[in-house]
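The structure presented is a predicted model; accordingly, all values stated were derived computationally and were not measured. Count residues from 1 along the sequence.
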Amino acid sequence: MADAGFAGAEIQPFSFMLGADGEAGARVFGYGSPEYAAHLSDAGAIAAARDMQLDYTFGSGWPFGGIADVTPELALLELKQARTSLRGPLATAGKLSLPQATAAMLAPWTNETLPPGWHDRLAARERLIAVVAVCGSEPRLDPDHGPASSRVLTPGKLDVESAVVLTDKIRADGTLDWAVPDGEWQIFVFKQFACGERTGGTATIGPKLILNHFSKAAFATYAAAIGDKARAAFGSNFGKIVRAIFCDSLELHPELYWSGDFLEAFRARAGYDLTPWLPILRQPGRGVANQGFHGLPEFDGVDAERVRHDYWDTVSALMLENFFEPFAQWAHAHGVRAKVQAHGAPVDLIAAYGLADIPETETLWDHGRFDFLKMASSAARLAGRRLVSSESFVWAGQAFETTPEKIKRTADELFTAGVNQILYHGYLYDHPAQPKNPFAVGPRWLPFGVLFSDAWNAANPFWRDLPLINRYIARVQYVMQQGERVAPVALYQAALPYQEFLPPDPEPAVNAALLANGFDFDHINEASLVAAITAGRGFRSRGGADFAALVLVDQHRTSETLAQTVRRLGDAGVPIVFVGTPPDEAIGYRDHEVRSIRIREAMADLRAKPNCRFVATPGAVAAALADLAVPPNLHFAGPGVPFVHRRIAGRDCYFLRNTGDTHIDVTCRVRADGPPALLDAWTGTATTPLHVRVGDAWEVTIGLEPFGSSLLAFGAGAPAMARDPVATSRGEEVPLMPRSWNVSATGLVAPDKQVSFQLTLPRLVDLADDPRFRHFSGTIAYHASFSVDRATATARRLFLNLGAVFDVAEGSLNGQPLSVRLFRPYRWNVTGMLRPGENQLVITVRNTPRNAMIQHDWTIPGFPVVRAAPLPTGLHGPLRLVRED
């Protein structure tokens with residue numbers, strides 16, 4: 001890994017797809033054993049010898065739990081409900097449907113039977129919470145979904161004012177002693193249970209209960225069990241070579257989040273009793289990771305959404321207080337940093353990310369949507385954190401097809417989203433417990449390779465290219481970790497958790513409007529706004545992030561606290577733009593009428609202020625900011641591109657990327673000290689872009705190749721160099737058409753079947769269209785001779801464009817090596833390499849392992865893998881010489 005350009009690794013013990021039988025199984029499921037501790041010690045020593053760092057996942061698998069110390073008394077709780085529909089009048093309600101514990105929780109599991117007495121201890125956590133009868137109609141559910149994941153087509157309507165709490169009138173057998181009044185009644189029974197979910201992929205034998213993330217005592221017990229063993233195993237390397245403990249995305253799956261004292265905690269926060277409102281809480285998919293959808297609540301009614309807001313607000317506060325805060329506190333008490341993926345938890349993401357020393361996002365969650373990726377970097381800036389990391393290069397359903405171009409393109413998106421440290425997901429090992437060998441040489445174990453990741457190790461055809469890729473990533477990371485990120489706009493974010501695996505929503509229109517007009521932004525939550533202090537015409541977060549303006553989009557209902565905070569900022573002269581519907585009503589239930597009046601008064605006050613604007617659509621936000629004299633990061637002359645702006649030692653540096661597959665020229669105007677320099681992070685060289693001085697700004701034009709990127713720096717002293725010749729190779733095109741191509745190849749046509757072949761092609765074609773090579777993955781060498789005239793051979797500058805390549809190319813021309821090309825444009829500067837007359841060209845192409853891999857049935861129980869058509873293969877061309885005289 002060190003030779004491939006990696007600076008460290010993250011340790012995560014998994015058992016996915018590995019059996020527990022035999023000697024190999026004993027090693028796999030030996031998490032926490034003396035042998036496992038010895039492996040950790042060795043890993044720390046080897047990392048130290050190579051000057052690498054380690055992050056240690058705080059447990060095996062995820063979510064936290066899975067060890068014997070997580071007893072029934074420390075397991076996660078859930079609130080489950082059962083409903084009986086009755087039409088009155090009836091003399092008695094009779095026997096009701098009762099909630100049942102999830103079957104898997106109390107059933108023995110293969111190789112994972114519950115310890116003696118645990119059945120009874122789990123059952124002891126069952127507790128009747130409430131029986132509530134409410135007048136109202138039943139919901140209409142999608143019949144294609146089961147009851148555990150029902151999709152609501154039309155919510156039932158409840159008159160919560162009619163609610164009757166009947167908890168003391170139900171017998172143990174479920175009989176309710178209550179005379180049902182006239183009308184249609186829905187009678188709910190709510191019970192608390194230990195949650196039926198188990199930890200996933202945990203390398204332990206046993207019950208694998210999920211930790212109660214709403215209990216400080218549960219976390220303290222777990223942390224002592226996990227952390228003390230890790231500290232002992234790593235010894236003096238803990239806190240040095242081991243820099244951080246890691247919390248992966250939680251992905252909890254209770255029916256409703258609950259704690260033993262939830263009703264009391266809710267009353268303390270919200271100021272009223274939740275019991276009569278329990279029937280309106282369930283909204284399938286909301287706040288539950290991996291649910292696959294979210295939508296309408298099962299039951300609705302007047303003020304129901306206000307109560308649901310208070311419920312989720314309480315859930316968030318309890319998890320922050322009892323899990324995320326103790327996690328960070330434990331790390332700091334033991335000399336390491338806390339690295340946290342907050343997504344997947346039903347919390348205020350900005351608050352949870354901000355508690356971490358290293359907030360971490362990932363490209364799998366929410367399909368890697370830019371708006372989601374911004375959450376972690378926004379939280380980091382608000383809290384004053386220096387690093388923002390990402391679990392990267394992972395896509396659902398795209399196994400074995402990650403190319404160097406895809407890696408670079410994704411890394412560039414992460415950089416413009418504010419991420420400044422990249423982690424690959426993940427390194428795979430050869431393991432004797434797996435008989436299937438998916439490559440001619442290793443690895444046998446693919447825990448995620450067919451679902452969410454790729455086979456990254458020395459067996460991957462692109463492993464040899466990682467040093468080049470990683471040098472590029474490291475150079476950009478270095479710049480992105482210096483100085484301070486500049487984002488003048490604070491964009492208020494009221495939403496709680498983002499959902500996973502849903503069809504991605506389009507990027508919010510306000511994001512595109514801001515970035516296209518040169519304004520970078522950070523999401524900001526209510527707590528950060530409340531804690532902010534005014535600074536000149538702007539304001540500063542508690543962590544030191546400076547903002548020049550606040551933007552709020554469609555905040556019809558908000559808290560009075562937020563409204564009064566915005567008025568405070570408005571009184572101080574902070575530019576504020578309301579887009580769409582401004583605050584008009586109070587969110588939350590208690591005293592909402594009175595609080596709504598005060599919110600409207602605050603808004604009326606703000607409407608009269610010269611530093612506030614109210615616009616109808618996101619497209620008007622940039623003009624409103626300009627009208628308020630809020631300076632953008634830069635001005636684009638024409639279409640803008642994604643960018644990130646950092647101020648380093650008083651100098652301005654911009655990273656810009658092209659999101660398209662064609663070359664573009666970008667012209668921008670920047671107020672900065674000193675002339676511009678264009679830094680090529682791929683080569684480590686600097687050039688001077690086209691630029692002119694316009695008043696107090698520099699107008700700069702740079703060329704961006706397909707999916708290309710550039711670092712534009714000001715004030716460092718422009719190098720005395722010409723522009724990059726590759727970026728301007730647009731001269732006369734001369735088709736290069738050899739009479740034939742001699743092709744030789746070595747690789748796989750199935751996961752365990754190697755082949756070699758030779759053939760002659762009259763022209764370049766997609767080899768995947770040929771049944772003989774349809775499933776070929778490997779290395780293909782193309783040999784050809786071609787002639788050029790003296791004028792072409794002696795041109796002042798000469799480039800060879802390869803056209804379409806799948807997926808990496810290198811070669812030689814007249815015996816002189818041509819460097820590796822990992823992504824578009826596949827082009828070489830061949831000035832001085834051609835000779836008049838005959839020339840010899842060799843182009844070697846490597847493609848992904850995917851075409852050979854799909855010959856194997858990778859279906860995993862519960863995760864069917866689609867056998868898709870092969871991807872294009874080889875050199876497609878057309879080849880062209882580009883001559884500049």
Side-chain angles (χ1 to χ4, degrees), residues 374 377-378 380-381 384 386-388 412 414-420 475-490 514-522 535-538 540-541 544-549 622 625-626 629-638 640-658 665-681 684-704 708-721 723-724:
K374 270 281 201 178
S377 62
S378 297
R381 184 164 174 254
R386 306 298 302 175
L387 291 178
V388 186
D412 289 348
L414 289 167
F415 292 140
T416 53
V419 171
N420 59 14
R475 289 183 182 116
V476 180
Q477 278 188 177
Y478 176 79
V479 176
M480 295 297 105
Q481 291 174 15
Q482 307 305 309
E484 302 291 338
R485 189 161 60 84
V486 182
V489 175
L514 288 168
L515 293 171
N517 287 278
F519 291 95
D520 199 3
F521 65 91
D522 275 320
R537 291 185 68 234
R540 178 173 297 156
S541 75
D546 287 314
F547 296 98
L625 290 170
V630 177
N633 300 79
L634 46 72
H635 290 273
F636 289 110
V641 296
F643 68 92
V644 64
H645 174 193
R646 297 195 75 88
R647 187 160 291 130
I648 304 170
R651 294 169 176 169
D652 294 283
C653 183
Y654 296 81
F655 178 82
L656 305 98
R657 69 182 177 95
N658 179 4
D665 288 321
V666 177
T667 299
C668 57
R669 190 171 294 181
V670 180
R671 287 190 174 91
D673 296 328
L678 200 60
L679 311 177
D680 185 343
T685 60
T687 58
T688 303
L690 290 175
H691 63 279
V692 294
R693 189 71 172 171
V694 180
D696 60 350
W698 297 96
E699 186 171 281
V700 182
T701 298
I702 61 175
L704 291 175
S709 58
S710 287
L711 282 162
L712 179 63
F714 293 84
M721 294 174 148
R723 296 182 69 206
D724 180 2

Query raised in the report: So, does Asp665 use its side chain to make a donor-acceptor pair with the main chain of Thr701 at under 3.5 Å?
Result: no

Report summary line: Nearest heavy-atom contact between Asn420 and Gln481 is O-NE2, 2.7 Å

Query - From Asp696 atom CG to Asp673 atom CG, the distance as rounded to the nearest 0.5 Å - result: 10.0 Å

Report task. Heavy atoms only: give me the nearest Gly483-Arg386 pair and the separation to one decimal. Result -> O-NH2, 2.7 Å

Query - Residues that Phe519 engages under ring-ring contact (aromatic ring centres under 6.0 Å, His included), provided they are two or more places apart - result: none

Query - Side chain Arg381, main chain Asp546, donor-acceptor under 3.5 Å - result: yes

Query - Side-chain heavy-atom pair Trp698, Asp652 within 4.5 angstrom cut-off - result: no

Requested in this report: Please check if the side chain of Arg646 supplies one atom and the backbone of Met480 the other of a donor-acceptor pair under 3.5 Å.
Outcome: yes

Report summary line: By salt bridge (charged side-chain N to carboxylate O under 4.0 Å, His left out), Arg485 pairs with (sequence neighbours left out) Asp520, Asp522

Query raised in the report: Do Ser709 and Val476 come close enough that some side-chain heavy atom pair is under 4.5 Å?
Result: no

Report task. Please tell me if the side chains of Pro488 and Asn633 come closer than 4.5 Å, counting only heavy atoms from C-beta onward. Result -> yes

Requested in this report: Measure from the side-chain N and O atoms of Ser377 to the backbone N and O of Ala417, and report whether any donor-acceptor pair falls under 3.5 Å.
Outcome: yes

Query raised in the report: Which heavy atom in Pro689 sits nearest to a heavy atom in Pro676, and how many Å separate them?
Result: CD-O, 3.8 Å

Report task. Could you pull out the closest heavy-atom pair between His691 and Pro675, with the gap in Å? Result -> NE2-CB, 4.5 Å

Requested in this report: Hey, could you give me the CZ/CG distance between Phe415 and Leu711, rounded to the nearest 0.5 Å?
Outcome: 9.0 Å

Report summary line: Tightest non-hydrogen contact, residues Phe643 and Leu515, listed as CE2-O, 3.7 Å

Query raised in the report: Are the side chains of Leu625 and Leu514 in touch, meaning some heavy atoms are under 4.5 Å apart?
Result: yes

Query raised in the report: Taking atom CG of Asp412 and atom CG of Leu704, what is their separation to the nearest 0.5 Å?
Result: 10.0 Å

Query raised in the report: How about Ile648 and Val479: do any of their side-chain heavy atoms sit closer than 4.5 Å?
Result: yes

Query - Spatial distance of atom CZ (Arg671) from atom CG (Leu634) [nearest 0.5 Å] - result: 11.5 Å

Requested in this report: If the plane angle is over 60° it's perpendicular, under 30° parallel, otherwise tilted; pick one for Tyr654 and His645.
Outcome: parallel

Query raised in the report: For Gly695 and Arg693, which heavy atoms make the closest approach, and how far apart are they?
Result: O-NE, 3.5 Å

Query raised in the report: What distance do Ile702 atom CD1 and Leu712 atom CG have between them, rounded to the nearest 0.5 Å?
Result: 5.5 Å

